[in-house]
Amino acid sequence: MELMLDTANLEQIEKGLATYPISGVTSNPSIIKAEGKVDFFNHMHKIRELIGDERSLHVQVIAHDCDTILKEADKILSILGPKTFIKIPVTEDGLRAIKILAARGVNVTATAIYTTMQGILAMLAGARYLAVYYNRMLNIDIDAAKVIKELSSLLWANGTSCQVLAASFKNLKEITTAYANGASCCTIPYDLLETGMHMPSITKAVHDFSANWEEVYGNRTLLDVD
Ligand code: G3P
């Protein structure tokens, strides 16, 4: 299983890496927009420096037509390195580009997936990750959990190295449901990760343990007792 950060915010990535078991960083043009008009490739370089070579960096193309997608992919790979995952929306042109890039051994993350059929096509075209848009699917009455379950079972049955990378989350229930339905990876906005750890019940449990310890041993840690 994997957990990725769905953000291009350097501060959040740094904080996230320090605390959470993060295996990669994903972004898209809307996520980049949230950072203002940053120097794009320079910013992506900074993300790569923060996450190191051992984590994956997923960078989305902007173009819609296959030829330009391929040129953008080449530019991304030449500037950010050959291990970079090229995120390509699963349209007809996108699929064509995925097929060509995957045949060249390029890491591809197929994105904007709303249906099982899109996922199957992207998997067959050679994508390494299938970015399934959980919350956006619910918004248009598509059963996201069912699509993830179907894709995960197919990937498992076919023994491919392709994985479901569930994305577009607005609450923790969506994340746990995606994992429980077979998504081997979820990419999550930093704020949502924090929400999961800042629940009053967790804080109260930790506070109660301290209070009980202090009643018996005073204000000491294990370092202070024999
Ligand atoms: O990585 C892209 C995906 O997470 C989209 O998220 O919040 O724009 O639906 P959102």
Side-chain angles (χ1 to χ4, degrees), residues 1-13 16-17 20 22-36 38 40 43-44 47-48 50-51 55-64 69 72-73 76 80 84-91 94-95 97-98 101 107-116 118-119 122-123 127-148 151-152 162-196:
M1 267 170 71
E2 285 185 77
L3 168 66
M4 296 193 195
L5 277 176
D6 206 15
T7 180
N9 183 280
L10 300 177
E11 196 183 324
Q12 290 186 344
I13 292 170
L17 289 172
Y20 300 99
I22 303 298
S23 66
V25 167
T26 56
S27 65
N28 62 35
S30 309
I31 286 171
I32 304 291
K33 180 185 167 194
E35 301 310 305
V38 292
F40 180 75
H43 194 83
M44 288 294 148
I47 295 178
R48 171 55 83 198
L50 284 176
I51 67 176
R55 295 184 184 84
S56 59
L57 176 64
H58 303 248
V59 179
Q60 189 159 326
V61 296
I62 306 298
H64 296 172
I69 290 174
E72 286 189 343
I76 293 170
L80 297 170
T84 312
F85 281 77
I86 309 295
K87 269 182 96 182
I88 304 176
V90 183
T91 58
L95 258 186
I98 291 171
L101 289 169
N107 292 324
V108 176
T109 298
T111 194
I113 295 178
Y114 289 76
T115 67
T116 303
Q118 267 181 301
M123 171 189 77
R128 291 276 311 280
Y129 287 98
L130 307 177
V132 177
Y133 279 5
Y134 203 102
N135 185 268
R136 292 190 192 207
M137 290 158 85
L138 298 190
N139 288 344
I140 51 174
D141 201 21
I142 297 176
D143 187 341
K146 179 167 171 272
V147 170
I148 288 174
L151 286 173
S152 302
C162 180
Q163 302 184 57
V164 171
L165 164 58
S168 177
F169 292 114
K170 296 292 174 275
N171 59 63
L172 298 180
K173 184 67 185 162
E174 292 173 353
I175 298 168
T176 53
T177 308
Y179 276 129
N181 279 278
S184 54
C185 181
C186 288
T187 185
I188 302 173
Y190 179 77
D191 293 346
L192 210 43
L193 266 183
E194 266 196 334
T195 303

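Indexing begins at 1, ligand by ligand and atom by atom, following the structure's order. Here the structure is a predicted model, which means the values were calculated and not measured.
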Problem set entry | Atom pair OG1/CD of Thr7 and Glu35 - distance to nearest 0.5 Å | 5.5 Å
For this session: Examine the proximity of ligand 1 to Phe169 and report which part, side chain or backbone, both or neither, has a heavy atom under 4.0 Å away.
Result: neither
For this session: Just do the side-chain contact (heavy atoms from CB on, under 4.5 Å) check on Thr109 and Gln60 with the steps written out, would you?
Result: CA-CA 9 Å; Thr109 298; Gln60 189 159 326; over 6 Å; no
For this session: Start with the C-alpha distance between Leu3 and Leu193, add both sets of side-chain angles, then the distance that settles side-chain contact (heavy atoms from CB on, under 4.5 Å), and finish with yes or no.
Result: CA-CA 10 Å; Leu3 168 66; Leu193 266 183; 4.2 Å; yes
Problem set entry | Which of the ligand 1 atoms, numbered from 1, are nearer than 4.0 Å to a heavy atom of Ala167 | 3 (C), 4 (O)
Problem set entry | Residue pair Tyr190 / Glu194, side-chain donor-acceptor N/O under 3.5 Å | yes
For this session: Return the residue, atom name and 0.1 Å-rounded distance of the protein heavy atom closest to atom 2 (C) of ligand 1.
Result: Asn28 ND2, 3.0 Å
For this session: List every atom of ligand 1 that sits less than 4.0 Å from any heavy atom of Lys87, numbering the atoms from 1 in the order shown and giving each element.
Result: 1 (O)
Problem set entry | N/O separation below 3.5 Å, Arg136 to ligand 1 | yes
Exercise. Going from CE on Met4 to OG on Ser23, what distance comes out if it is rounded to the nearest 0.5 angstrom?
Worked result: 4.0 Å
Seminar exercise, completed: the protein heavy atom lying closest to atom 4 (O) of ligand 1 turns out to be Asp6 OD2, 2.5 Å
Problem set entry | Interatomic spacing from CG in Leu165 to CG in Leu151 - rounded to 0.5 Å | 12.0 Å
For this session: Please could you name the atoms of ligand 1 that Lys170 approaches to less than 4.0 Å, counting only its heavy atoms?
Result: 7 (O), 9 (O), 10 (P)
